[in-house]
Amino acid sequence: MVNAQVIGYIGAAVASLFFGSNYVPVKNYPTGNGLAFTWVMSVGTLVVAYCAMFISKDYIFDPWGLLGGTLWSIGNFCVIPIVKTIGIGLGLLLWCCSSIITGYFTGKFGWFGLDKQSVSHPTLNWIGFACIVAAVIFFFFIKPTIEEKEEHSYSSIVDESEIGGGDSYNSSYNSINNNNNGNKRKSGAFNQPKKSIFERMPPPYNTIFGIALSVFSGIMYGVNMVPMQLWKQSNVDASPLSFVFCHFSGIFLANTLVFIVYSIIVRPPQIFPQTIFPSFFSGLLWGIANVGLMVATQNLGYTIGFPMGSGGPMIVSSLWSVFYFREIRGVKNLLILLISFIFLGAGITILALSS
């Protein structure tokens, strides 16, 4: 019988590898406003849930499990307005830090009804946690090189321009879908997309809103495992895989609800046909990663497994950026990245030793 701690470390490694890689398939594909992308991605996660159910030969379907998946989805829905108001760099820093801090404190102090998790070496545990947070902060100072890509280089099923009236909408829609007229959609042929309410917010309110939303998003990420941990406390011998279907169903149902409501009330969503399979594959990778994080959290606890599984992906994603996408270049950036890796590696190692 494999030791539970070993299984937990394997789960953290799986989470790090696949969380750090799950957005690679869609890197060079358009995602529009992100709602269609996240829905297709949630379908991929549901497939992983069925696989987990098949492997474990057992599953539960509890409303609290649905809540866990919904909490994660709420945090994920915040990403779009965060990027629009304060950008991905600061937003990522804030939600990563708040997620790790929330998860760690939740287990450390027994929030939300969880049992307080004690470790053999509390001082080492705090030092390891602090190193991971410091590594996240260092990542913020890296300035990636992003190549400009031509807008509208892909055609969407639904036009990106503002839908002001029936005639303008139909002419835009038909220009994409009617192959008999021989017309092709060209950049700048239609009105530019209307700016969202988040992009129209004046400073400093947009910054305040973006920072607050980033922290809120990180908190949602940090507590989404709480229902699973509460269930585990009452079912000590149960397999973590038994809870996967319930948790992932919450993600799928939440995304489906938002996708339908958005399509009916606001406007038709942007759907890029060439992005559907990469989005689905991204969901598969994310699902595998989250299963790894669930296994790590259940076997190592919120104070060790969650920080390791949440901090490790930064190493993998950075390696993609350095060696494949060539987004992190220059001596200064690589030096900062190396320092971040040192802090992150030290933090993960010290967390492991603290148990």
Side-chain angles (χ1 to χ4, degrees), residues 19 23 31-38 41 67-106 108-109 111-112 129-130 132-146 148 151 160 162 192-226 251 254-255 257-259 261-262 265-267 269-270 306-307 310-311 313-314 317-318 321 327-328 333 336 340 343-344:
F19 272 142
Y23 289 116
T31 55
N33 54 33
L35 291 178
F37 159 69
T38 54
M41 186 178 169
L67 174 63
T70 302
L71 290 173
W72 183 90
S73 298
I74 292 172
N76 199 46
F77 289 137
C78 296
V79 171
I80 296 173
I82 289 171
V83 173
K84 298 291 185 184
T85 52
I86 61 174
I88 188 64
L90 180 57
L92 182 64
L93 166 70
L94 290 172
W95 80 58
C96 277
C97 277
S98 57
S99 171
I100 294 173
I101 291 172
T102 301
Y104 182 84
F105 283 1
T106 297
K108 194 74 172 177
F109 301 113
W111 292 350
F112 309 111
F129 165 71
I132 291 178
V133 173
V136 175
I137 295 174
F138 271 108
F139 273 102
F140 175 67
F141 295 98
I142 297 174
K143 305 298 181 184
T145 302
I146 306 297
E148 293 291 334
E151 248 183 294
E160 295 178 32
E162 180 182 4
Q192 292 297 317
K194 183 179 179 181
K195 287 186 176 181
S196 68
I197 186 174
F198 309 108
E199 293 173 298
R200 297 197 304 268
M201 294 178 68
Y205 302 107
N206 59 343
T207 303
I208 296 173
F209 177 82
I211 291 174
L213 201 61
S214 297
V215 174
F216 173 76
S217 175
I219 292 173
M220 293 296 101
Y221 290 145
V223 300
N224 85 95
M225 295 287 182
V226 169
I251 294 174
N255 279 276
L257 177 62
V258 170
F259 186 76
V261 171
Y262 175 82
I265 297 180
V266 182
R267 61 175 179 175
Q270 298 167 338
F306 188 82
S310 299
M314 290 185 290
S317 62
S318 297
S321 295
E327 293 176 339
I328 300 179
N333 281 332
I336 295 174
S340 300
F343 272 94
L344 197 56

With Phe109, which residues qualify under side-chain contact (heavy atoms from CB on, under 4.5 Å), at least two apart? Phe105, Trp111, Trp126
CD1 on Ile336 to CZ on Phe138, rounded to 0.5 Å: 8.5 Å
Can you check whether Phe209 reaches Met201 side chain to side chain, under 4.5 Å on heavy atoms? yes
Reported SG-to-CG distance for the pair Cys78 and Leu213, which is rounded to 0.5 angstrom: 4.0 Å
Please examine the side chains of Trp95 and Ile82, heavy atoms only from C-beta on, and report whether any two atoms are closer than 4.5 Å. yes
Side chains of Val226 and Thr106 in contact at under 4.5 Å (non-hydrogen atoms): yes
Quick one: side-chain hydrogen bond (donor to acceptor under 3.5 Å, both in side chains) partners of Ser318, sequence neighbours excluded? none
Straight-line distance of Ser321 OG to Met314 CE, nearest 0.5 Å: 13.0 Å
Heavy atoms, side chains only, cut-off 4.5 Å: are Tyr221 and Ile100 in contact? no
Could you tell me whether the side chain of Ile86 reaches within less than 4.5 Å of the side chain of Leu94, counting heavy atoms only? yes
Nearest heavy-atom pair of Ala254 and Phe77: which atoms, and what distance? O-CZ, 4.0 Å
With the side chain counted from C-beta on, respond yes when Tyr23 and Met41 share a heavy-atom pair under 4.5 Å apart, and no when they do not. yes
Considering only heavy atoms from C-beta outward, does the side chain of Phe306 approach that of Ser99 to under 4.5 Å? yes
Before you tell me yes or no, could you show the steps for Thr85 and Thr207 under side chain to side chain contact (heavy atoms under 4.5 Å, CB included), namely the whole-Å CA-CA distance, both residues' side-chain angles and the distance that decides it to 0.1 Å? CA-CA 6 Å; Thr85 52; Thr207 303; over 6 Å; no
Val133: side-chain contact (heavy atoms from CB on, under 4.5 Å) partners, not counting sequence neighbours: Cys97, Ile101, Phe129, Ile137
Donor-acceptor pair, Thr102 side chain versus Gly222 backbone, under 3.5 Å? no
Tell me, do Ile132 and Phe343 make a side-chain contact under 4.5 Å, heavy atoms counted? no
Evaluate the criterion side chain to side chain contact (heavy atoms under 4.5 Å, CB included) for residue pair Ile251 and Thr70; output intermediate values, then yes/no. CA-CA 5 Å; Ile251 294 174; Thr70 302; over 6 Å; no
